[in-house]
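Worksheet: the structure to be examined is printed underneath.
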2 protein chains.
Amino acid sequence: MAERGEQVTGSGRAGLDQRRIIDAAVRFIDENGLRMLTMQRLGACLGVDGMALYRYVPGREALLDGVVEAVVDEMFSDPEVHLRAHAGWVDYLQRLAHGQRRIALAHPEVFPLVATRPPAAPWVRPPLRSLRWIESLLEVLTDAGFSDESAAAVYRAFSSFLLGYLLLEVSARGVVTGPVEEPDVAPTGDLSRYPILQRLEPHLSVDAAAGDFEQALEALLDRVALLLPRRRRPARLTEEK
Amino acid sequence: MAERGEQVTGSGRAGLDQRRIIDAAVRFIDENGLRMLTMQRLGACLGVDGMALYRYVPGREALLDGVVEAVVDEMFSDPEVHLRAHAGWVDYLQRLAHGQRRIALAHPEVFPLVATRPPAAPWVRPPLRSLRWIESLLEVLTDAGFSDESAAAVYRAFSSFLLGYLLLEVSARGVVTGPVEEPDVAPTGDLSRYPILQRLEPHLSVDAAAGDFEQALEALLDRVALLLPRRRRPARLTEEK
DNA sequence: ACCTGAACACCGTTCAAGT
DNA sequence: ACCTGAACACCGTTCAAGT
């Protein structure tokens with residue numbers, strides 16, 4: 001939206017800008033949590049009065065939409081993903097999945113917003129909320145031989161997988177989120193009424209997130225490969241296990 | 001917490017009660033959305049001034065915790081789930097999954113709260129947020145022959161599956177959530193830059209939620225069955241497809 | 001052109017006062 | 001014992017006024 005001011009990127013308080021405001025909001029949420037974000041406080045971060053932000057952002061809700069968009073679009077500049085250069089749809093989905101996971105882990109306080117903000121259209125499914133990414137995904141799939149129906153089904157399944165795993169991983173990562181420090185002396189207090197939980201607690205507390213993610217992703221890819229016409233299925237899948 | 005007042009269940013404004021307040025909050029969110037919920041308005045629903053609620057509820061955050069707990073615990077009175085009477089772990093997981101789905105669909109405005117509220121302990125994974133359900137699940141799994149590690153892994157995978165599918169299904173179900181009616185004249189406005197999206201749009205808009213859910217649940221059950229010692233695997237799985 | 005200040009309506013929350 | 005009223009600190013947002 002802002003055409004000018006592009007050359008002023010590094011300096012301190014010169015030129016308020018929609019981009020600068022959204023970026024500051026992302027950093028603020030990363031550091032202080034969503035519930036601490038206030039127009040006044042965000043303005044103070046930018047060395048400006050809170051009301052000045054309304055010149056560039058229609059309101060708080062729109063600001064949060066911008067935050068979600070900015071975080072999701074970070075994947076475009078992720079050198080590991082590389083939209084165009086991929087070795088087949090399996091490789092593409094794996095890169096996309098890992099790119100999303102890096103985003104979620106880089107912005108654990110923002111990700112619940114990515115997950116729950118009402119999408120622009122019913123077929124825009126978090127966490128892949130960008131039309132460009134959806135288009136790119138569907139293109140790769142149909143080029144690989146998936147039918148239109150199958151490509152749509154893969155997109156749905158892939159979205160559900162990413163959303164569930166990443167939201168749980170992020171929420172399990174502490175995410176204190178509380179405005180003040182809670183004592184939390186006895187979170188595992190009276191487990192006496194739950195003997196099996198008590199016995200399995202060490203197994204539950206272990207952080208298997210990365211392994212779980214890889215395994216479930218592999219299983220999903222195996223499963224959706226079955227939607228391809230027989231001869232076009234990748235060879236290396238559905239063999240190992 | 002409230003010992004008395006149990007016999008007064010039906011009538012109108014007799015006896016404010018923590019239970020009555022939380023139930024009213026659930027109904028309010030179902031009908032008006034979370035963002036409309038205010039202490040003052042909730043008080044008005046109960047024929048009382050907003051500040052009166054603070055006698056029974058420590059604050060708004062605690063009220064929301066109570067809302068999540070109440071909705072999750074609805075499954076205890078779901079006759080289709082039946083904690084004890086199940087025919088093996090597969091049947092048990094299927095009933096649990098369908099019970100959770102009924103809850104999500106019955107309270108689409110509450111479910112994002114179920115999904116994202118920070119859990120009491122890192123191993124409490126939404127949407128199964130109740131110690132009683134987690135204990136019950138782990139008991140059924142270990143009784144069925146899953147090792148402690150495997151039972152914990154199944155619990156994690158099952159939670160991720162439910163969270164992803166149900167959150168997406170609920171969020172795809174319109175969920176206007178907006179305080180005022182939005183015109184939304186052209187949500188599918190300029191799709192011209194996304195030709196594949198445009199072509200697949202009919203396939204994306206079709207509501208395949210129920211079918212997707214059943215299929216992914218089946219696939220998950222197939223997959224986790226492989227964690228069992230060979231001889232204890234159910235026969236009917238891993239055969240059809 | 002861009003930011004500031006005062007102002008408005010509305011929150012959550014506390015607490016003394018009513019009955 | 002239980003609810004009400006006034007009050008406080010803090011929101012988001014608008015708009016006229018400053019420079």
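In the text below, chain A, chain B and the rest are named by the order of the sequence lines, each starting its count at 1.
Listed for the Arg173(A) side chain is no donor-acceptor partner under 3.5 Å among the backbone atoms of Leu105(A). In this structure, Arg20(B) contributes its side chain and Leu46(B) its backbone to no donor-acceptor pair below 3.5 Å.
Aromatic ring orientation, Phe213(A) versus His98(A): tilted (interplanar angle from 30° to 60°).
Distance from the side chain of Ala52(B) is smallest for dT4(D) among the nucleotides dG12(D), dT4(D), dG12(C). Distance from the side chain of Met39(A) is smallest for dG12(D) among the nucleotides dT4(C), dT13(C), dG12(D).
One can place CG of Asp17(A) at 11 Å from P of dC2(C), the figure rounded to the nearest angstrom. Going from atom CZ of Arg35(A) over to atom P of dC11(C) covers 18 Å, rounded to whole Å. Going from atom CG of Leu46(B) over to atom C1' of dC2(D) covers 15 Å, rounded to whole Å. One interatomic measurement links the two molecules: CG of Leu37(B) to P of dG12(C), which rounds to 8 Å at whole-angstrom precision. For the pair Leu16(A) CG and dT4(C) P, the interatomic distance rounds to 9 Å; values are reported in whole Å. The distance from atom CE of Met51(A) to atom P of dG5(C) is 8 Å, rounded to the nearest whole Å. We find that CD of Gln40(B) is positioned 14 Å from C1' of dC10(D), with the value rounded to whole Å. Here dC10(D) presents its P atom at 18 Å from CG of Leu42(A), a figure rounded to the nearest Å.
Residues Leu197(B) and Glu135(A) approach most closely at N-OE1, 2.8 Å, considering heavy atoms. In terms of heavy atoms, Val72(B) sits closest to Trp133(B) at O-NE1, 4.3 Å. When all heavy atoms of His107(B) and Asp30(B) are compared, the pair lying nearest together is ND1-OD2, 2.7 Å.
The stretch residues 55-63 of chain A touches DNA chain C through Arg55(A), Tyr56(A), each having a heavy atom within less than 4.0 Å of the strand.
For the pair Arg41(B) and Phe28(B), the cation-pi criterion (under 6.0 Å, within 45° of the ring axis) is not fulfilled.
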Paired and unpaired positions of DNA chain C as dot-bracket, Watson-Crick or G-U wobble under 3.5 Å, | denoting a partner strand: ||.|||||...|||||.||
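The shortest distance between the side-chain N/O atoms of Arg41(A) and the OP1/OP2 oxygens of dC11(D) is below 4.0 Å. In terms of phosphate contacts, Thr38(A) brings a side-chain nitrogen or oxygen within less than 4.0 Å of OP1 or OP2 of dG12(D).
The residues Glu169(B) and Arg101(B) are annotated as salt-bridged, a charged nitrogen and a carboxylate oxygen being separated by less than 4.0 angstrom.
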Steps toward salt bridge (Lys or Arg N to Asp or Glu O under 4.0 Å) verdict (Arg199(A), Glu139(B)): CA-CA 11 Å; Arg199(A) 195 182 82 230; Glu139(B) 183 181 13; over 6 Å; no
